[in-house]
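Proteins get letters first, then strands, A, B, ... in listed order; numbering begins at 1 in each.
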Amino acid sequence: MKPIVRFAPSPTGFLHVGGARTAIFNWLIARKLHGKFLLRIEDTDRQRSTEESIRQILEGLNWLGLNWDDDIVFQSARNDRHKEVVEDLLANDHAYRCFCTPEELESKRLYAEQHKINKRYDGTCRKLSREQISEFLERKMPFSVRFKIEEQKTEFTDLIHGRHQTDLTDMDDFIIQRSDGTPVYQMAVVVDDHDMGVNLVLRGDDHLSNTPKQILLYKALGWSIPQFGHLPLILGKDKTRLSKRHGATSVQEFRNNGILPEALFNFLCLLGWNPGQEQEKMSREEIIDLFEVNRINHTPAVFDEQKLAWLNSRYMVEMPFDQLLFHAEKWCKDNQYSLRPDEEERFMFYLKIIQVRSKTLTDLYDFLKIYFDSPQIYDEKGVQKYFKKEGVSELLKKLRGTLSSLDDLHFDAIDKLDGLIRQFAAEHNLAAAKVIHPLRLALTGRTESPGIFELMHILHKDKVISRIDSAVDYINNL
RNA sequence: GGCGCGUUCGUCUAGUGGUUCAGGACGCUGGCCUCUCACGUCGGUAACACGGGUUCGAAUCCCGUACGCGCUACCA
């Protein structure tokens with residue numbers, strides 16, 4: 001049977017990585033077995049749901065490449081249908097009206113808690129007579145609708161956890177419709193999943209204990225029960241549920257931090273699922289191919305940002321050049337930097353040598369900035385170590401003199417620059433490093449960078465000279 | 001409180017009764033490379049929560065304990 005799965009976020013915030021992973025796993029099953037991946041927005045909580053959140057969630061899914069099938073279902077638009085099903089349940093005696101007020105229930109609960117007795121609903125309204133009910137209805141008393149539990153236990157096989165039995169004897173006759181006529185979550189999911197044809201529900205572990213209730217509803221309605229699979233949660237470093245205080249948790253934040261979608265996708269897959277092979281960096285196609293629900297773990301996994309960073313760096317390094325160029329050009333355009341035709345070749349070369357040093361897109365952009373702009377600030381430690389040394393200003397000035405007397409063509413050959421700097425150092429009785437380090441700081445503002453001779457070639461004569469000048473000024477003003 | 005889920009290196013995990021004094025990856029760490037950084041490369045580090053069983057034999061099966069998490073709402 002082809003799986004029809006769904007992702008059903010409630011639009012009360014950004015797309016969380018936990019939600020994203022749930023979406024990914026669902027998407028993978030659908031794509032692997034040529035089923036459908038549906039999207040439903042659970043916006044019944046009108047207070048907390050926002051348009052902006054919906055936008056963010058869709059954007060996050062798109063960014064991760066999780067395309068959905070069919071039209072998006074908005075739960076709030078299905079109120080009438082939910083009511084209709086509740087009416088059926090009422091008519092078939094699978095549910096009953098409860099006229100207890102929230103206040104009454106609350107005080108009963110409190111009492112039960114204090115006296116350490118079972119605090120489940122006492123079933124007052126379950127025993128109401130026909131006459132009482134019509135009387136209450138006539139008096140227009142508000143009521144909620146409760147599901148009548150009649151079975152002793154339910155049983156189902158969870159795709160991830162295996163056989164799962166629940167003793168129903170101490171479960172409440174749970175509410176399925178609020179007194180304002182809106183359905184409660186348990187009711188809405190069942191109706192929507194059924195109507196959407198969902199036959200496999202893969203969701204977070206936190207719904208595991210709710211599943212028996214839903215199964216009861218399916219049975220009462222005479223609907224076929226989907227398969228269920230419950231994914232372990234994602235935890236933060238301190239092993240508690242991943243939340244804002246653990247740092248970045250929304251897909252959007254990772255995007256802003258220069259993480260590539262394919263890296264986050266790949267990483268999230270590895271959280272709780274094992275491909276059954278040692279290779280961990282996998283393309284979307286490979287993952288679809290290897291994905292198996294029965295290789296999903298049942299242990300909660302800690303979100304390891306360092307490993308994500310590593311994976312991302314692999315994606316950066318192995319990125320095809322045209323893609324790298326695409327990102328670079330987009331950045332240039334966004335920041336209004338442009339190249340003269342004679343610069344292009346050197347710029348491409350620069351891209352290649354900064355690629356291996358960029359662990360994120362942000363790193364890449366930082367390197368690009370070095371190409372276009374003279375250093376605005378110099379690394380503080382570098383200044384201490386190289387600029388505050390005796391005679392550095394004079395040394396750079398002399399170097400500037402030597403370089404400025406060179407022909408432009410000299411900057412086209414990296415090995416010539418190499419020879420020149422080493423010779424210059426030798427003439428001043430210095431180790432080459434003594435010249436290279438201050439020069440690097442002058443050209444980039446940093447203590448680390450790609451090879452200095454490559455850099456001189458890339459920046460070419462004009463930029464090299466003017467940056468040395470700025471550095472000399474800076475040193476003289478120290 | 002009740003019910004449920006879970007527990008292999010710091011982290012992600014492999015492992016489904018013997019071929020494992022537990023394999024891979026990230027991290028950390030030592031060397032090499034070197035103008036710095038990164039990459040690369042060769043090494044190192046470190047785990048079956050605890051206690052009982054079952055068995056010739058247990059990380060693997062069973063039972064307790066501890067710890068963590070979830071549900072127990074007219075939240076989703």
Q. P atom, rA25(B) versus rU19(B): distance in rounded Å?
A. 22 Å

Across all chains, not counting sequence neighbours, the ring-ring contact (aromatic ring centres under 6.0 Å, His included) partners of Tyr218(A) are none

OP1 or OP2 of rC5(B) sitting under 4.0 Å from any side-chain N/O of His230(A)? no

Whichever of Leu270(A) and Pro9(A) has the more 5' nearest nucleotide on RNA chain B, that residue is Leu270(A)

Using Watson-Crick geometry (N1-N3 plus N6-O4 or O6-N4) or G-U wobble (N1-O2, O6-N3), each under 3.5 Å, rU16(B) is paired with none

Inset, instruction - Give one of base, sugar-phosphate or nothing for Lys213(A), where a contact means two heavy atoms less than 4.0 Å apart. - result: sugar-phosphate

Classify Cys100(A) by what it touches in the nucleic acid, base, sugar-phosphate, or nothing, heavy-atom distance under 4.0 Å. base

| How would you label the contact of Gln177(A) with the nucleic acid (heavy atoms, under 4.0 Å): base, sugar-phosphate, or nothing? | nothing

### Task
Taking the six-membered ring for Trp and the full ring for Phe, Tyr or His, determine whether the centres of Tyr96(A) and Phe147(A) are under 6.0 Å apart.
no

Within residues 443-455 of chain A, the residues having a heavy atom closer than 4.0 Å to RNA chain B are Thr447(A), Glu448(A), Ser449(A), Pro450(A), Gly451(A), Ile452(A), Phe453(A), Glu454(A)

Problem set entry | Output field: ring centroids Tyr371(A)/Phe347(A) closer than 6.0 Å | yes

Residues of residues 294-318 of chain A with a heavy atom under 4.0 Å from any atom of RNA chain B, listed by number, are Arg295(A), Asn297(A), His298(A), Thr299(A), Pro300(A), Ala301(A), Val302(A), Asp304(A), Gln306(A), Lys307(A), Trp310(A), Arg314(A)

inquiry  = Heavy atoms only, 4.0 Å cut-off, all strands: where does Asn274(A) land among base, sugar-phosphate and nothing?
reply    = sugar-phosphate

Ring center gap for Phe387(A) and His437(A) short of 6.0 angstrom | no

- Query: Between rU60(B) and rG18(B), how far is it from one P atom to the other, in whole Å?
  - Reply: 12 Å

| query | With a 4.0 Å cut-off on heavy atoms, is Ile175(A) in touch with a base, just the backbone sugar-phosphate, or nothing at all? | reply | base

Centroid separation under 6.0 Å, is that true for the rings of Trp68(A) and Phe7(A)? no

Rounded to the nearest 0.5 angstrom, the CG-CG distance for Leu420(A) and Leu406(A) is 5.5 Å

Counting any heavy atom closer than 4.0 Å, what does Gly272(A) reach on the DNA or RNA strands: base, sugar-phosphate only, or nothing?
-> sugar-phosphate

query: So what does Glu278(A) touch, heavy atoms closer than 4.0 Å: a base, only the sugar-phosphate, or nothing?
result: sugar-phosphate

| query | Between Tyr350(A) and His457(A), do the side chains contain an N or O donor and an N or O acceptor separated by less than 3.5 Å? | reply | no

Here the residues of residues 354-361 of chain A within 4.0 Å heavy-atom distance, strictly under, of RNA chain B are Val356(A), Arg357(A), Lys359(A)

Within residues 417-442 of chain A, the residues having a heavy atom closer than 4.0 Å to RNA chain B are Arg422(A), Ile436(A), His437(A), Arg440(A)

The ring-ring contact (aromatic ring centres under 6.0 Å, His included) partners of His298(A) (sequence neighbours excluded) come to none

Would the base of rC74(B) count as contacting Ser179(A) through its side chain, where contact means a donor and an acceptor less than 3.5 Å apart?
yes

